[in-house]
Protein chains: 2
Amino acid sequence: MTDSKNYEEFLHQYGLKNTRPRKRVLEILFGQEELLTAEEIYQELLEAGETVNVSTVYRVLELFTEKKLVEKTFLPETRKYAFSLRMPGHVHYLICIRCHKKVDLSGCPLSEYERKVAANTGFDIIGHRLELYGLCKECRDKDAAGGTEQHE
Amino acid sequence: MTDSKNYEEFLHQYGLKNTRPRKRVLEILFGQEELLTAEEIYQELLEAGETVNVSTVYRVLELFTEKKLVEKTFLPETRKYAFSLRMPGHVHYLICIRCHKKVDLSGCPLSEYERKVAANTGFDIIGHRLELYGLCKECRDKDAAGGTEQHE
DNA sequence: GTCGTTGCAAACGGTTTGCAAATCA
DNA sequence: TGATTTGCAAACCGTTTGCAACGAC
């Protein structure tokens, strides 16, 4: 899954031409579990020695988003968009407020709720957005270590 | 609730000085059920004959947000922030994608879900954000009228 | 060869900021 | 009067766009 050929196939499956910037952006998204902003992706490309333009990165990400290949998420704290590969079933996230790690949650408790709300309000519900915020285990442990001066 | 004196009391209760811009912004927020962007609030002020500056509107809204007097919501479609009076219990919204009307939903289906997720992931869940998107009855009716060429 | 894609640089637009003048308590 | 708040204009910054050159197929 990590060699260039597979990214080409991947792009092809989504009806997209194989270009150098697209493969590289895809490569970064595959290698990263967390949300990445356009700027971060651009920086990683530069560090990898790529000569690519910011606007190209934005255009590629926009294209990927349109084709449902990636998901675009707004991060309120920094007022930026972040991107991540869109895997089937990844609809709900748990986001650590400290390290921004994103955890996928399978299963959705809202379908029944949506039905109820639709009935009560007369709305056609066409979608929802659910984010849970919290501290992941690692960050919580660091907190505990620092706060109470436990060993290390 | 509509005369100037009450806005002054309101501001005072939140520990804020009474200034003309603040009272006027508050007045607009009280008179509007829907989400308003900073720009929209600014425009309403101009139309009402106020001589106020955009940056003042932003500063007032930021202050109100800090003091939990209003709630700041990001509208993904237009990439703008919108504001509304923060009333106790208004935690979940139903938002019409067409006219941006906001409907408050009482009751939250997520507490139990949060507990389950916390147990499964090891996160401390400290909050969530839930938005349902859809078409309100009015907009849906307009759609139907336009789309199928019904009377009118 | 043709059309889509990229690089470049400039624009865009919502929001923020520095500073001096005005205003509130 | 002394601390805050406002107006103004300019900056900011993430993102978008027009256009000419480039590259995929």
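Just so we're on the same page: letters track the sequence lines, and every chain starts at 1. Only heavy atoms go into these numbers, but all of them, side chains included; no hydrogens, no water, no symmetry mates.
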I'd like a list of close polar pairs between nucleotides 22-25 of chain C and the protein, N/O only, cut-off under 3.5 Å.
| residue | atom | partner | partner atom | Å |
| --- | --- | --- | --- | --- |
| C:dA25 | OP1 | B:Asn18 | N | 3.1 |

### Query
For A:Glu8 and A:Asn18, which heavy atoms make the closest approach, and how far apart are they?
CA-OD1, 2.9 Å
### Query
Atom CZ of A:Arg22 and atom P of C:dG7: how far apart are they, to the nearest Å?
11 Å
### Summary
Minimal heavy-atom distance between B:Leu29 and B:Phe64, with the atoms involved, is CD1-CD2, 4.3 Å
### Message
Could you measure the distance from the CG atom of A:Leu26 to the CG atom of A:Leu11? Nearest 0.5 Å is fine.
### Response
5.0 Å
### Task
For the helix from C:dG1-D:dC25 to C:dA25-D:dT1, figure out the bend between the end axes, five pairs an end, and round to 10 degrees.
40°
### Query
Does B:Ala82 or A:Pro21 map to a spot on DNA chain C nearer the 5' end, using the closest nucleotide for each?
A:Pro21
### Message
Can you give me the closest heavy-atom contact between A:Tyr58 and A:Ala38, atom names plus distance?
### Response
CE2-CB, 3.5 Å
### Shortest non-hydrogen contact from A:Tyr7 toward A:Lys23
CB-CG, 4.2 Å
### Query
Who passes salt bridge (charged side-chain N to carboxylate O under 4.0 Å, His left out) against B:Glu66, sequence neighbours left out?
none
### Task
Output all residues satisfying side chain to side chain donor-acceptor pair (under 3.5 Å) with A:Asn53, sequence neighbours left out; order by chain, then residue number.
A:Ser55
### Task
Identify the 5'-most and 3'-most nucleotides of DNA chain D with at least one atom closer than 4.0 Å to a non-hydrogen atom of chain B.
D:dT4 to D:dT16
### Query
To the nearest angstrom, how far is A:Tyr14 atom OH from C:dT5 atom P?
17 Å
## Note on the structure
Correct closest heavy-atom pair for B:Phe83 and B:Tyr81 would be CE1-O, 4.0 Å
### Approximate separation, where rounding is to 0.5 Å, of B:Leu36 CG and B:Ile28 CD1
7.5 Å
### Message
On a heavy-atom basis, which atom in A:Val57 and which in A:Tyr42 lie closest, and how many Å separate them?
### Response
CG2-CD1, 4.0 Å
### Query
Taking C-beta and beyond as the side chain, do B:Leu16 and B:Leu69 meet within less than 4.5 Å on heavy atoms?
yes
Please tabulate, one pair per line, all N/O donor-acceptor pairs under 3.5 Å involving side-chain atoms of residues 43-51 of chain A, not counting sequence neighbours.
| residue | atom | partner | partner atom | Å |
| --- | --- | --- | --- | --- |
| A:Gln43 | NE2 | A:Glu39 | OE2 | 3.4 |
| A:Glu50 | OE1 | A:Arg20 | NE | 3.3 |
| A:Glu50 | OE2 | A:Arg20 | NH2 | 3.2 |
| A:Glu50 | OE2 | A:Arg24 | NE | 3.1 |

### B:Lys72 NZ to C:dG14 P, straight-line distance once rounded to whole Å
15 Å
### Query
Under a 4.0 Å heavy-atom cut-off, which of residues 48-65 of chain A touch DNA chain C?
A:Thr51, A:Val52, A:Asn53, A:Ser55, A:Thr56, A:Arg59
### Query
Tell me, which pairs form a salt bridge (Lys or Arg N to Asp or Glu O under 4.0 Å) where one or both residues lie in residues 53-62 of chain A, sequence neighbours left out?
A:Glu62-A:Lys72
